[in-house]
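Data block below; observations after.
Letters A, B, ... mirror the listed sequences (proteins, then strands); counts begin at 1.
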There are 2 protein chains.
Amino acid sequence: MNQIICTVDLVLLTLKEGALQVALLKRDKEPFKDVLALPGGFIHAEEDADARGAALRVLKEKAHITAPYLEQLATFSGPARDPRGWSLSIVYYALVSIDIVEQVGHSGRDQIRLVDVDKLMQLPFDHQAIIGMAVDRLRNKSQYSSLPCYLAGENFTLPQLQRVYEALMGGELNKVSFRRKMSEMGMLEEVDGRFGLAGAHRPAQLYRLRPEHREHLSLLERGL
Amino acid sequence: MNQIICTVDLVLLTLKEGALQVALLKRDKEPFKDVLALPGGFIHAEEDADARGAALRVLKEKAHITAPYLEQLATFSGPARDPRGWSLSIVYYALVSIDIVEQVGHSGRDQIRLVDVDKLMQLPFDHQAIIGMAVDRLRNKSQYSSLPCYLAGENFTLPQLQRVYEALMGGELNKVSFRRKMSEMGMLEEVDGRFGLAGAHRPAQLYRLRPEHREHLSLLERGL
DNA sequence: GGAATAGTGTCTGTAAGACACTATATG
DNA sequence: CATATAGTGTCTTACAGACACTATTCC
């Protein structure tokens with residue numbers, strides 16, 4: 001019978017200083033021991049409810065992160081991508097705010113390394129191609145959905161959210177249009193009374209995702 | 001070591017009499033022998049270059065169809081979807097014109113059964129959910145891409161193509177806008193001198209996909 | 001009141017849809 | 001020339017972006 005290596009890999013993305021960054025970990029086993037790569041691991045048929053469950057488990061065990069926005073990207077396969085043999089990796093991408101990453105970044109035994117996705121070094125396996133596809137998917141979906149909200153943390157102001165969208169899409173957005181569109185998607189609610197920012201100027205209203213939109217994206221008819 | 005069952009499944013879609021249909025085959029082995037289901041099969045690590053290669057092989061062996069538009073849909077996995085154990089299926093969807101299906105439908109040993117996707121019966125495994133996702137994906141992508149062209153055959157007129165888009169999206173489209181959009185995508189070229197249709201009226205110009213657009217979709221900025 | 005950023009009202013330009021007209025085939 | 005469908009010119013409507021104005025905070 002064919003022996004096929006079944007794994008999951010995770011593209012954990014966050015936004016730091018206006019740049020999209022991917023989380024890499026040093027591999028703790030051969031092949032490529034001690035080399036930076038995407039967090040990943042074998043599917044455990046006895047304990048994982050499905051591939052998504054395996055992805056959540058890997059994310060928790062290796063990056064100490066729970067319950068981010070998580071979506072299946074694609075499955076990569078073939079005889080050449082892993083030196084151990086014909087392999088298959090079901091890849092998920094996750095979005096988290098930088099605060100979450102920095103909280104766990106210190107605590108964990110495994111040190112998370114954040115790398116700008118536009119300045120990637122050589123990576124083992126086909127991890128560069130995988131990250132490329134994840135970034136394309138994120139940037140594309142950002143044009144017509146609430147996806148970028150998951151990079152913004154729990155509470156955020158509209159100017160902050162606009163800067164997130166602008167960082168992803170590369171270019172300035174019209175303030176009036178942006179706010180019309182966010183309102184049209186209807187996934188935001190005001191955080192009562194609370195205001196963001198300090199400084200010698202008017203503070204901005206804080207918002208958060210409505211509970212019913214925490215798991216499911218909002219979509220726009222015609223993009224931003 | 002975990003034994004995980006690795007398969008590919010195919011959602012072969014076509015448009016017949018204005019209705020989107022999925023191709024089903026009687027299974028030739030247990031489980032569910034002689035029951036209608038999606039064409040599928042094990043990945044053969046020795047011969048398949050990757051999962052896409054396995055999908056093309058299955059499509060050729062079981063449905064006798066080569067070189068359709070083929071795109072990965074998603075991977076479905078878990079302990080319950082296949083009675084044989086923890087399994088994983090990398091699902092691809094393919095689009096072909098009804099002419100292609102009907103040509104091979106007679107020749108093959110395996111009889112293809114076309115079923116309206118909106119009138120599906122109970123199916124084995126999680127094939128109903130898989131088909132549902134494929135249809136959603138097709139209908140969604142039809143809003144802003146040239147995807148429906150692959151359902152229209154090699155040569156087609158603009159009125160025919162508009163009827164294809166309308167069948168997928170459920171609703172009438174504005175003729176002027178539709179033609180502006182097709183022109184904007186720039187993936188069509190006139191088939192010289194040839195005209196479609198007969199009848200007591202002006203015949204329509206035939207078009208086909210430009211060679212450089214046969215593999216890659218064209219996209220619209222703002223949808224139809 | 002000055003400075004700085006948040007938030008909104010309104011005008012303008014562009015793109016989509018409605019409609020009507022011309023074009024070209026058959027009988 | 002009647003009829004039926006293909007294909008286009010143009011007007012109207014709706015939406016996105018530009019711009020300017022008001023709002024609110026700290027100093």
With a cut-off of 3.5 Å and sequence neighbours excluded, list every side-chain donor-acceptor pair involving residues 213-220 of chain A.
residue: A:R214; atom: NE; partner: A:L209; partner atom: O; Å: 3.2
residue: A:R214; atom: NH2; partner: A:L209; partner atom: O; Å: 2.9

Any pair counted as salt bridge (Lys or Arg N to Asp or Glu O under 4.0 Å), so long as it reaches residues 157-175 of chain A, sequence neighbours left out: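 Counting only pairs at least two positions apart or across chains, no salt bridge (Lys or Arg N to Asp or Glu O under 4.0 Å) contact touches residues 157-175 of chain A.
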Any pair with a residue in residues 60-70 of chain B that passes salt bridge (Lys or Arg N to Asp or Glu O under 4.0 Å), sequence neighbours left out, goes on the list, sorted by first then second residue, please.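 Found B:R57-B:E61.
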Roughly, in whole Å, what's the span from [atom1] in [X] to [atom2] in [N]?
X      : N      : atom1 : atom2 : value
A:L173 : D:dA16 : CG    : P     : 13 Å
A:L220 : D:dC15 : CG    : P     : 13 Å
B:R179 : C:dA16 : CZ    : C1'   : 16 Å
A:Q143 : D:dA16 : CD    : P     : 14 Å
A:Q205 : C:dG7  : CD    : C1'   : 11 Å

Please tabulate, for the side chains in residues 122-139 of chain B, all donor-acceptor contacts under 3.5 angstrom to protein atoms that are two or more places apart in sequence or on a different chain.
residue: B:D126; atom: OD1; partner: B:R81; partner atom: NE; Å: 3.4
residue: B:D126; atom: OD1; partner: B:R81; partner atom: NH2; Å: 3.1
residue: B:D126; atom: OD2; partner: B:R81; partner atom: NE; Å: 2.8
residue: B:H127; atom: ND1; partner: B:L38; partner atom: N; Å: 3.1
residue: B:R137; atom: NH1; partner: B:L73; partner atom: O; Å: 3.4
residue: B:R137; atom: NH2; partner: B:Q72; partner atom: O; Å: 3.0
residue: B:R137; atom: NH2; partner: B:L73; partner atom: O; Å: 3.1
residue: B:R139; atom: NE; partner: B:L168; partner atom: O; Å: 3.3
residue: B:R139; atom: NH2; partner: B:D118; partner atom: OD2; Å: 3.3

If a protein heavy atom is under 4.0 Å from the base, mark B; if only from the sugar-phosphate, S; if neither, -; do that for nucleotides 17-27 of chain C going 5' to 3'. BBB---BBBB-
Per-pair distances, 0.1 Å, donor-acceptor, side chain in residues 13-24 of chain A, under 3.5 Å, sequence neighbours excluded:
residue: A:T14; atom: OG1; partner: A:V96; partner atom: O; Å: 2.9
residue: A:T14; atom: OG1; partner: A:I98; partner atom: N; Å: 3.1
residue: A:K16; atom: NZ; partner: A:E102; partner atom: OE2; Å: 3.4

A:E184, CD: over 12 other non-hydrogen atoms inside 6.0 angstrom: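 More than 12 heavy atoms, drawn from other residues, nucleotides or ligands, come within 6.0 Å of this atom.
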Identify, residue by residue, the members of residues 146-170 of chain A with a heavy atom below 4.0 Å from DNA chain C, and return them in order of residue number, or none.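 Within residues 146-170 of chain A, the residues near DNA chain C are A:P159, A:R163.
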Among all residues two or more places apart in sequence or in another chain, which pass the salt bridge (charged side-chain N to carboxylate O under 4.0 Å, His left out) test with B:E189?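 For B:E189 the salt bridge (charged side-chain N to carboxylate O under 4.0 Å, His left out) partners, ignoring immediate neighbours, are B:R208, B:R210.
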Which ring-ring contact (aromatic ring centres under 6.0 Å, His included) pairs, counting each pair once, include a residue from residues 137-167 of chain B, with sequence neighbours left out?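 Passing the test, one end in residues 137-167 of chain B: B:Y69-B:Y150, B:Y165-B:F178.
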Nearest-nucleotide comparison on DNA chain D, the residue closer to the 5′ end among A:G223 and B:L206: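 The residue closer to the strand's 5' end, by nearest nucleotide, is B:L206.
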